[in-house]
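Please read the structure below before turning to the comments.
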Amino acid sequence: MRSWVWLTGMFLFFVMTPKGAVAQTQTGRGGQATSNVTPRVAGKPDFSGIWQANNTANWDLQTHSARPMVGQQGLTPNSVVLAAPVVAFGAVGLVPGGQGVVEGEEIPYLSWAAARKKENRENWLDRDPEIKCFQPGVPRAMYMPHPFQVIQSATKIMMVFEFANAHRTIHLDKMDKFPNVAYMGYSVGRWEGDTLVVDSTDFTDATWFDRAGNFHSDALHVVERFTPQGRDVIRYEATIEDPQVFSRPWKISMPLYRRLEPNAQLMDFRCVEMVEETMYGHLRKEQLVKRWSGSTMTVDITRKIPEGEAVHERYISGNPPPKE
């Protein structure tokens, strides 16, 4: 049986369902099941539908209090206020507090990497790949504040993410080794009972785990586990290994929830064209964005060109610095 699915208004994707691979329950638009029976494909849980995390992990994987997105010293000792880039945002410019998703709360950085993580957080506006609309990588794509769609057959599982039109394919059948690296890595899956286990490698060094500066190198290895907890909840776990950055493997876990609205669907979030001025506006001969004025403040913008080779940098590599 051939199933056609319309994705984000841009392209059609179809999956081949082999003979005998019959879903026990049909799913409506948005993936909402029409009965209490967990849908299945080829005898395995069918995760097809639209899903989204409901936490603050994209802000910070670890437990954190509310804080300014970008802050500076306040009037009194140990106080922090919104800094110039976000002062007009008021409450919208604050990071919401949240419980961590890291097992044991510790991310076991090597000494050089712990210092880099601190630098990343202090320079978040300049460095976070999300701000530049880079594809988010794995596992970050799974818990961004945007929905994603799963399309499943007996041999392939495709995930399409609203953010940056990113996508990944999980191969359940035998494939040749991936010949390159990719923002979303290369994913091979297998079933352990009703749990989908996904092994992902071949990542670039250009993505982060969150907006708090947590990062990795191109040696990243991620093992994910998707375990159904009823038809509308998935228990998601990701074990992260990167010997160039971390002293040992570590794990995150969280629930993923099915979007149950009758018309649930992915919307366009074409951030590439929206961030062109942010990324390249400093290279214009005539500055385009110069000033914003409101009722209580005027914000003047002065663009500057980085010195030397830094003008060509689009991201800070997560790989260890070269040995001298």
Side-chain angles (χ1 to χ4, degrees), residues 1-8 10-23 27 31 38-51 53 134-144 147-207 209 216 218-228 234-242 249 251-253 256 258 266:
M1 181 177 67
R2 177 171 294 181
S3 301
W4 293 87
V5 182
W6 178 257
L7 295 178
T8 65
M10 293 191 304
F11 58 90
L12 288 169
F13 175 80
F14 67 88
V15 293
M16 297 297 296
T17 304
K19 185 177 181 181
V22 179
T27 56
T38 301
R40 304 182 84 85
V41 168
K44 297 300 181 182
D46 182 7
F47 295 133
S48 296
I50 294 181
W51 301 83
F134 288 1
Q135 292 187 45
V138 175
R140 190 176 187 180
M142 307 305 300
Y143 48 81
M144 294 192 78
F148 63 93
Q149 184 171 5
V150 177
I151 306 147
Q152 181 174 334
S153 76
T155 59
K156 306 285 183 185
I157 298 175
M158 188 175 188
M159 295 183 177
V160 182
F161 300 88
E162 186 174 87
F163 182 82
N165 295 324
H167 63 274
R168 61 188 294 212
T169 299
I170 299 169
H171 303 280
L172 300 174
D173 52 351
K174 184 176 177 59
M175 297 289 294
D176 291 335
K177 181 175 173 56
F178 190 60
N180 208 332
V181 296
Y183 282 94
M184 303 299 289
Y186 178 71
S187 299
V188 177
R190 67 182 187 278
W191 291 98
E192 293 183 0
D194 280 351
T195 296
L196 173 65
V197 181
V198 182
D199 194 296
S200 297
T201 54
D202 299 307
F203 292 98
T204 73
D205 58 344
T207 63
F209 296 121
H216 61 85
D218 59 10
L220 176 65
H221 175 208
V222 181
V223 178
E224 301 161 283
R225 298 179 67 87
F226 298 79
T227 304
I234 296 172
R235 174 71 173 177
Y236 176 74
E237 301 170 280
T239 299
I240 295 162
E241 182 180 9
D242 185 340
K251 187 169 78 170
I252 63 173
S253 60
L256 301 174
R258 187 189 298 275
L266 300 188

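Remember, it's a predicted structure, so these values are computed and weren't measured experimentally.
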Nearest 0.5 Å please: distance from the [atom1] atom of [X] over to the [atom2] atom of [Y].
{"X": "Met142", "Y": "Ile252", "atom1": "CE", "atom2": "CD1", "answer": "9.5 Å"}
{"X": "Ile170", "Y": "Thr155", "atom1": "CD1", "atom2": "OG1", "answer": "12.5 Å"}
{"X": "Ile50", "Y": "Gln149", "atom1": "CD1", "atom2": "CD", "answer": "4.5 Å"}
{"X": "Ile240", "Y": "Leu220", "atom1": "CD1", "atom2": "CG", "answer": "7.0 Å"}
{"X": "Phe148", "Y": "His167", "atom1": "CZ", "atom2": "NE2", "answer": "15.5 Å"}
{"X": "Tyr143", "Y": "Leu256", "atom1": "OH", "atom2": "CG", "answer": "11.5 Å"}

Output, in order, the C-alpha distance, side-chain angles, deciding distance and verdict of side chain to side chain contact (heavy atoms under 4.5 Å, CB included) for Met184 and Met159. CA-CA 11 Å; Met184 303 299 289; Met159 295 183 177; over 6 Å; no
Has [X] got a side-chain atom pairing as donor or acceptor with [Y]'s backbone, closer than 3.5 angstrom?
{"X": "Thr204", "Y": "Tyr183", "answer": "no"}
{"X": "Lys44", "Y": "Thr195", "answer": "no"}
{"X": "Arg258", "Y": "Ser48", "answer": "yes"}
{"X": "Gln152", "Y": "Pro45", "answer": "yes"}
{"X": "His216", "Y": "Thr207", "answer": "yes"}

Could I get the full list of salt bridge (charged side-chain N to carboxylate O under 4.0 Å, His left out) partners for Asp218, not counting sequence neighbours?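 Asp218 satisfies salt bridge (charged side-chain N to carboxylate O under 4.0 Å, His left out) with no other residue.
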Side chain to side chain donor-acceptor pair (under 3.5 Å) partner of His221, chosen from Asp199, Thr201, Asp202: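 Among Asp199, Thr201, Asp202, the one that satisfies the side chain to side chain donor-acceptor pair (under 3.5 Å) with His221 is Asp199.
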What's the shortest heavy-atom distance between [X] and [Y], and which atoms?
{"X": "Thr239", "Y": "Pro249", "value": "CG2-CB, 4.2 Å"}
{"X": "Ser153", "Y": "Val41", "value": "C-CG1, 4.0 Å"}
{"X": "Pro136", "Y": "Met144", "value": "CB-SD, 3.4 Å"}
{"X": "Ser200", "Y": "Phe203", "value": "O-CE1, 3.5 Å"}
{"X": "Val222", "Y": "Ala238", "value": "CG1-CB, 4.1 Å"}
{"X": "Pro139", "Y": "Tyr236", "value": "CB-OH, 3.3 Å"}

Side chains of Trp191 and Val197: closer than 4.5 Å at any heavy-atom pair?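 Trp191 does not reach Val197 side chain to side chain.
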Do Gln135 and Arg168 have side chains that get closer than 4.5 Å, going by heavy atoms?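 Heavy-atom side-chain distance check fails, nothing below 4.5 Å.
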Only counting residues at least two apart or in another chain, list the ones meeting ring-ring contact (aromatic ring centres under 6.0 Å, His included) with Tyr186.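 Checked Tyr186 against ring-ring contact (aromatic ring centres under 6.0 Å, His included); matches are His171, Phe178.
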Test side chain to side chain contact (heavy atoms under 4.5 Å, CB included) on Glu237 and Val223; report intermediate values, then the result. CA-CA 8 Å; Glu237 301 170 280; Val223 178; over 6 Å; no
Side chain to side chain contact (heavy atoms under 4.5 Å, CB included), that's the test. Do Arg225 and Lys251 meet it? Break it down for me. CA-CA 11 Å; Arg225 298 179 67 87; Lys251 187 169 78 170; over 6 Å; no
